[in-house]
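In what follows, a single structure is set out as structure tokens and then discussed.
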Amino acid sequence: MDQFPTTEAALSALRAIAAEYGREIKVSHDIGADQTSRRSAAGIGVTTDPDGSLPHEAYVELGGSPRVSVRLYPEDDALITVEGIECPDVPRDDVPAFLRSLFEGLAHVKARRFPPGYFLIVPLPGDRTHREFMPMISLTPWLSSRVR
């Protein structure tokens, strides 16, 4: 069973994390098939899914360093952007753990010599990691300070 079955449940967890780490949080909501980003084919004036439900998508910006934003999709996944690096397809249930890894300093950047490049490595529960390739040019001061 999903830990965060709805977008609103995930938002509650994100608000708690923001309070725990003393971060400002801004949330914007897109509700309805005609408003959410993945339902552009819904048609004009169509607001519900075929099952009659209203899809709910939210965009969250968290203040402080690192710069983090989260787009929660109705399909139980999220796009997390860390210092301009997009981490797509993060399961919604992993979003709080992902953010805790960032804010507690567990996330790091791994350098590769050949071919040259970097990876953002974010530890998740259960000995899992989220790994995202980063071009060399995208290293911000926060990302540079995490290179191993």
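Of all non-hydrogen atoms in S65 and E83, the two that sit nearest each other are OG-OE2, 4.5 Å. Between Y118 and A111, the shortest heavy-atom contact is CE2-CB, 3.6 Å. Residues L143 and V109 come closest through the heavy atom pair O-CG2, 3.6 Å. Closest non-hydrogen pair, T129 versus P123, comes out as CG2-CA, 4.1 Å. Here the shortest heavy-atom pairing between Y59 and R71 reads CD1-NH2, 3.6 Å. For the residue pair P5 and D76, the shortest heavy atom distance occurs at O-OD1, 4.1 Å.
Contact of the L72 side chain with the F4 side chain is not registered, since no non-hydrogen atoms from C-beta on lie closer than 4.5 Å. Within the 4.5 Å cutoff, side-chain heavy atoms of L99 are placed close to those of L62. Counting heavy atoms from C-beta on, the side chains of R112 and F133 come closer than 4.5 Å. Two residues are said to be in side-chain contact when any heavy atoms from C-beta on lie closer than 4.5 Å; P88 and E132 meet this criterion. A heavy-atom distance below 4.5 Å is not found between the side chains of L120 and H130. Between F103 and I17 there is a side-chain heavy-atom pair separated by less than 4.5 Å.
The CD atom of E57 sits 7.5 Å away from atom CD of E75, with the distance rounded to the nearest 0.5 Å. How far CZ of R148 is from NZ of K110: 10.0 Å, rounded to the nearest 0.5 Å. Going from atom CE of M134 over to atom OG1 of T140 covers 7.5 Å, rounded to the nearest 0.5 Å. Interatomic distance, R146 CZ to L106 CG, rounded to the nearest 0.5 Å: 10.5 Å. Interatomic distance, CZ of R131 versus SG of C87, reported as 12.5 Å (0.5 Å rounding).
Every salt bridge (charged side-chain N to carboxylate O under 4.0 Å, His left out) that E20 has, sequence neighbours left out, goes to R100.
Under the ring pair (Phe, Tyr, Trp, His ring centres under 6.0 Å) criterion, no residue pair touches residues 75-95, with sequence neighbours excluded.
Taken together through direct or relayed side-chain contacts under 4.5 Å among Ile, Leu, Val, Met, Phe, Trp and Tyr, F119 and V147 form parts of separate hydrophobic clusters. Each of I121 and L79 belongs to its own hydrophobic cluster when Ile, Leu, Val, Met, Phe, Trp and Tyr are linked at side-chain heavy-atom distances under 4.5 angstrom.
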Begin with the C-alpha distance, continue with both residues' side-chain angles, and end with the deciding distance and a verdict on side-chain hydrogen bond (donor to acceptor under 3.5 Å, both in side chains) for T7 and R92. CA-CA 8 Å; T7 300; R92 184 164 47 203; 3.2 Å; yes
